[in-house]
*Asks:* 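Have a look at this one.
These numbers come from the heavy atoms of this one structure, side chains and all, not from hydrogens, waters or symmetry mates. Quantities reported herein were computed from a predicted structural model and do not represent experimental measurements.
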Amino acid sequence: VTVNWNNATTGASGPASQTPQYGWLFQYFLLSRQNWTASIPLAVGSDVITVTATDASRNLGRATTTVTRIADITPPTVTATSPSHQAQGVPVDANLSATFSESMDPATINGTSFVLFDSNNNVVPGTVTYTGNTATFDPINVLAGGSNYTARITGAARDLAGNNPV
């Protein structure tokens, strides 16, 4: 048995994986006891998906469905920071972190999108990592005690849908 899919909206098509047991009922191909999986790219809006299965005797089963994908236009927010806003007595060797409300595009979380400035508005060098929904800034040098610093998440950061944080 082979199972293939076609997205009439995007023109994409491909195979599904696994070999199911099947039966006919009212001209619909029923898949049972096993799951078929396929990664089908969807366009925003309505996508018409047709799944076609063919067995060794060339019996054909087909089902068509419409899937609606709604665009993600909700910008991510920073839900937590460490140290907290206007924290006092922060150790000079502390890392900074920002936790986002949703998954971010890891390729956009870097030294351009997570920036630390000293009290003279100079960029403080450091490295940025991203794990889960949290970005961490690790200053290369120990920070000056008793000084004010400002961390910023810039418009270079984006969520998985391409939205900038607010």
*Asks:* Is a side-chain donor or acceptor of Thr154 paired with a backbone partner of Ala156 at a separation under 3.5 angstrom?
*Replies:* yes

*Asks:* With side-chain contact (heavy atoms from CB on, under 4.5 Å) as the criterion, how do Val123 and Phe117 come out once you've worked through the C-alpha distance, each side chain's angles and the decisive distance to 0.1 Å?
*Replies:* CA-CA 5 Å; Val123 173; Phe117 298 92; 3.6 Å; yes

*Asks:* Asp138 side chain to Val128 main-chain N or O, any donor-acceptor pair under 3.5 Å?
*Replies:* no

*Asks:* Between Thr136 and Ser97, is the side-chain hydrogen bond (donor to acceptor under 3.5 Å, both in side chains) condition met? List the steps.
*Replies:* CA-CA 4 Å; Thr136 302; Ser97 67; 5.2 Å; no

*Asks:* For the backbone of Arg158 and the side chain of Thr108, can you confirm whether one donor and one acceptor N or O come within less than 3.5 Å of each other?
*Replies:* yes

*Asks:* According to a hydrophobic-cluster definition based on side-chain heavy atoms being under 4.5 Å apart (Ile, Leu, Val, Met, Phe, Trp, Tyr only), do Val67 and Val3 belong together?
*Replies:* yes

*Asks:* Is there side-chain contact between Asn95 and Pro139, with at least one heavy-atom pair below 4.5 Å?
*Replies:* yes

*Asks:* Quick one: does any side-chain atom of Tyr130 pair with a main-chain N or O of Ala107 as donor and acceptor, under 3.5 Å?
*Replies:* no

*Asks:* Return the OG1 to CG distance between Thr99 and Asn133, rounded to the nearest 0.5 Å.
*Replies:* 7.5 Å

*Asks:* Distance check, rounded to the nearest 0.5 Å: Ile49 atom CD1 versus Leu42 atom CG?
*Replies:* 5.5 Å

*Asks:* In this structure, are over 12 heavy atoms from other groups packed under 6.0 Å from Asn122 atom CG?
*Replies:* yes

*Asks:* I'd like to know if the side chain of Ser101 and the backbone of Thr77 have a donor-acceptor N/O pair within less than 3.5 Å.
*Replies:* yes

*Asks:* Got a second to check how far Asn120's CG is from Asn148's CG, nearest 0.5 Å?
*Replies:* 11.0 Å

*Asks:* With a 3.5 Å distance limit and no angle check, can you tell me whether Asn164 reaches the backbone of Gly155 through a side-chain donor-acceptor pair?
*Replies:* yes

*Asks:* Between Thr52 (side chain) and Arg62 (backbone), is there a donor-acceptor pair under 3.5 Å?
*Replies:* no

*Asks:* Measure across Leu116 and Leu96 and return the closest heavy-atom pair with its distance rounded to 0.1 Å.
*Replies:* CD1-CD2, 3.7 Å

*Asks:* Working note: Val90 + Tyr149, criterion side-chain contact (heavy atoms from CB on, under 4.5 Å); need CA distance, chi angles, decisive distance, verdict.
*Replies:* CA-CA 11 Å; Val90 176; Tyr149 291 88; over 6 Å; no

*Asks:* Are Asn163 and Pro76 side-chain neighbours, meaning at least one heavy-atom pair lies under 4.5 Å?
*Replies:* yes

*Asks:* Is Asp47 reaching over with its side chain to a backbone N or O of Asn7, donor-acceptor style, under 3.5 angstrom?
*Replies:* no

*Asks:* Of all heavy-atom pairs between Asn4 and Pro15, which one has the smallest distance, and what is that distance?
*Replies:* OD1-CA, 3.4 Å

*Asks:* State the CZ-OG distance between Phe137 and Ser82, to the nearest 0.5 angstrom.
*Replies:* 14.0 Å

*Asks:* Could you tell me whether a side-chain N or O of Trp5 sits under 3.5 Å from a main-chain N or O of Val51, the two making a donor and an acceptor?
*Replies:* no

*Asks:* Would the number of heavy atoms belonging to other residues, nucleotides or ligands and lying under 6.0 Å from CD1 of Ile140 be above 12?
*Replies:* yes

